Number of protein chains: 2
Amino acid sequence: MDAKHEEILQRAQERVIEALAKNMDLYGITMSTGLLYGTLLFQDKPMTLDEMGEALGMSKTSMSTGVRTLMELKMVEKIWKKGARKDHYEVNLDWYQNFIDLFSLRWRSAAEYNVHAMKKSLQELRALLQSEELSDELRERVQTSIHRIENGLEYYDWLSRLIDSFETHEIFQFVPKKPMS
Amino acid sequence: MDAKHEEILQRAQERVIEALAKNMDLYGITMSTGLLYGTLLFQDKPMTLDEMGEALGMSKTSMSTGVRTLMELKMVEKIWKKGARKDHYEVNLDWYQNFIDLFSLRWRSAAEYNVHAMKKSLQELRALLQSEELSDELRERVQTSIHRIENGLEYYDWLSRLIDSFETHEIFQFVPKKPMS
DNA sequence: AAGTACGTAAAGTTTTTTCTGAACGCCAAA
DNA sequence: TTTGGCGTTCAGAAAAAACTTTACGTACTT
């Protein structure tokens with residue numbers, strides 16, 4: 001009688017799945033999609049959209065969009081199955097790379113976006129300082145703004161180099177995958 | 001006539017503020033709160049809740065909750081102003097520490113939460129393997145789940161050490177604040 | 001060429017989140 | 001003790017997001 005054991009296995013899986021899903025907002029992912037990820041994680045075989053909908057009791061449309069977001073983050077991959085009509089998906093098990101891809105994608109683009117705006121504003125403000133007829137009070141405020149922006153740019157430069165070290169995997173020299181123990 | 005210059009300054013500030021706010025979802029922060037942060041950033045003086053509401057055209061209640069979330073992330077601090085009835089707030093300008101605090105707070109707790117669930121499930125599954133009357137098929141699946149969890153635990157161990165290196169500032173030895181240039 | 005099965009887009013509904021206004025409790029000054 | 005100003009809590013309204021159903025386009029099968 002395996003029913004009891006089956007039960008235990010399922011419970012153990014569900015505990016982990018729910019934990020993962022609950023923290024998926026860090027990835028900018030909805031909890032449902034997190035549950036989808038977890039389900040795929042413990043499924044040894046690649047799943048179809050219909051199977052996912054079945055497993056989660058949700059519409060196929062939701063599975064479709066969920067899988068897409070997971071694929072954009074490279075957390076899930078589409079699998080080639082010869083002779084199969086339906087698409088099959090499975091999780092990408094490299095969690096390190098996963099983290100790196102996610103971090104890169106989100107933080108890098110945010111950094112670039114902010115740096116762009118900052119540089120443009122910085123330029124304008126520096127030009128403004130050149131203006132002769134600028135009241136002392138205003139000049140003071142412009143200076144302050146410039147300092148704030150320069151301060152931010154310095155940080156983003158660091159952040160960018162940090163992300164570089166992730167993407168090149170150089171970070172693993174500093175924080176190795178396996179501890180020295 | 002400073003009006004024109006004032007205009008330029010304001011535009012330059014707003015560009016940066018909006019950029020920052022737009023990417024604040026990375027911090028799990030709503031855009032409105034992001035705008036609040038940006039406003040505080042370019043205000044040379046500490047602001048009161050009323051001044052913030054004024055500046056953003058929003059209710060004082062919103063400012064109160066917004067400031068609280070920013071304080072929880074240590075992005076904003078309450079300032080002691082002698083003889084002032086109202087509370088005053090100003091931004092924490094150390095963006096490096098800011099990033100570290102945020103990352104630590106969110107990712108560390110997520111990691112701990114997941115590790116906890118994983119270890120518990122792992123234990124159960126290992127115990128299950130001891131059971132004599134376990135069908136080969138089920139045993140196989142239990143093994144797979146165990147591997148998945150061990151794989152995750154290994155990653156979280158690395159992540160934990162990465163966060164350690166942030167908190168201790170050792171990361172700056174590897175990725176220095178200022179480039180060597 | 002027609003039919004069928006599949007994934008996705010669009011529209012609509014439900015749920016969740018965000019924001020506001022009123023009411024409350026607290027502290028300081030009178 | 002009262003009064004007034006302050007930050008916050010709470011309930012409700014408005015806005016946004018998530019989810020489902022329906023409908024569509026495409027590709028494979030027959």
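These numbers were taken from a predicted model, which means no experiment stands behind them. Just the heavy atoms: all of them, side chains too, but no hydrogens, waters or symmetry mates, feed the values below.
Look at CG on A/D50: it is 14 Å from P on D/dT20, rounded to the nearest Å. Following rounding to the nearest Å, B/I79 (CD1) and D/dG7 (C1') show an atom-to-atom distance of 17 Å. Atom CE in B/M71 sits roughly 11 Å away from atom P in D/dG7 (whole-Å rounding). When the C1' atom of D/dC6 is taken as reference, atom CD of B/E51 falls 14 Å away, rounded to whole Å. For A/D87 and C/dA5, the CG to P distance is 16 Å, given to the nearest whole Å. For B/R68 and D/dT8, the CZ to P distance is 6 Å, given to the nearest whole Å. Per the geometry, CE belonging to A/M24 stands 15 Å off P belonging to D/dA18, to the nearest Å. At whole-Å resolution of the value, CE in A/M52 and P in C/dC6 are 14 Å apart.
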* **Pair B/K86-B/E51, salt bridge (Lys or Arg N to Asp or Glu O under 4.0 Å): steps then yes or no** => CA-CA 11 Å; B/K86 303 186 179 183; B/E51 288 168 343; over 6 Å; no
* Asked: Can you give one letter per nucleotide of nucleotides 15-22 of chain C, 5' to 3': B if a protein heavy atom sits under 4.0 Å from the base, S if only from the sugar-phosphate, - if neither?
  -> ----SBBB
* Asked: Can you give one letter per nucleotide of nucleotides 25-30 of chain C, going 5' to 3': B for a protein heavy atom under 4.0 Å from the base, S for sugar-phosphate only, - for none?
  -> ------
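For A/K22 and B/Y113, the side-chain atoms include at least one donor-acceptor pair closer than 3.5 Å. Side chains of A/T33 and A/T30: a donor-acceptor N/O pair is absent below 3.5 angstrom, by distance only. A donor atom on one side chain and an acceptor atom on the other are not found under 3.5 Å apart for A/D44 and B/T144.
Listed for the A/S135 side chain is a donor-acceptor partner under 3.5 Å among the backbone atoms of A/L138. Checked by atom type and distance alone, the side chain of A/S165 pairs as donor or acceptor with a backbone atom of A/L162 at under 3.5 Å. Checking side-chain atoms of A/R161 against main-chain N and O of B/K177 turns up a donor-acceptor pair under 3.5 Å.
Ion pairing between a basic and an acidic side chain is recognised when a charged N comes within 4.0 Å of a carboxylate O; A/E150 and A/R126 show such pairing. Between A/R11 and B/E124, no side-chain nitrogen of the basic residue sits less than 4.0 Å from a carboxylate oxygen of the acidic one, so the salt-bridge criterion is not met.
Dashed line: the shortest gap from a side-chain N or O of A/S64 to OP1 or OP2 of C/dT8 is under 4.0 Å.
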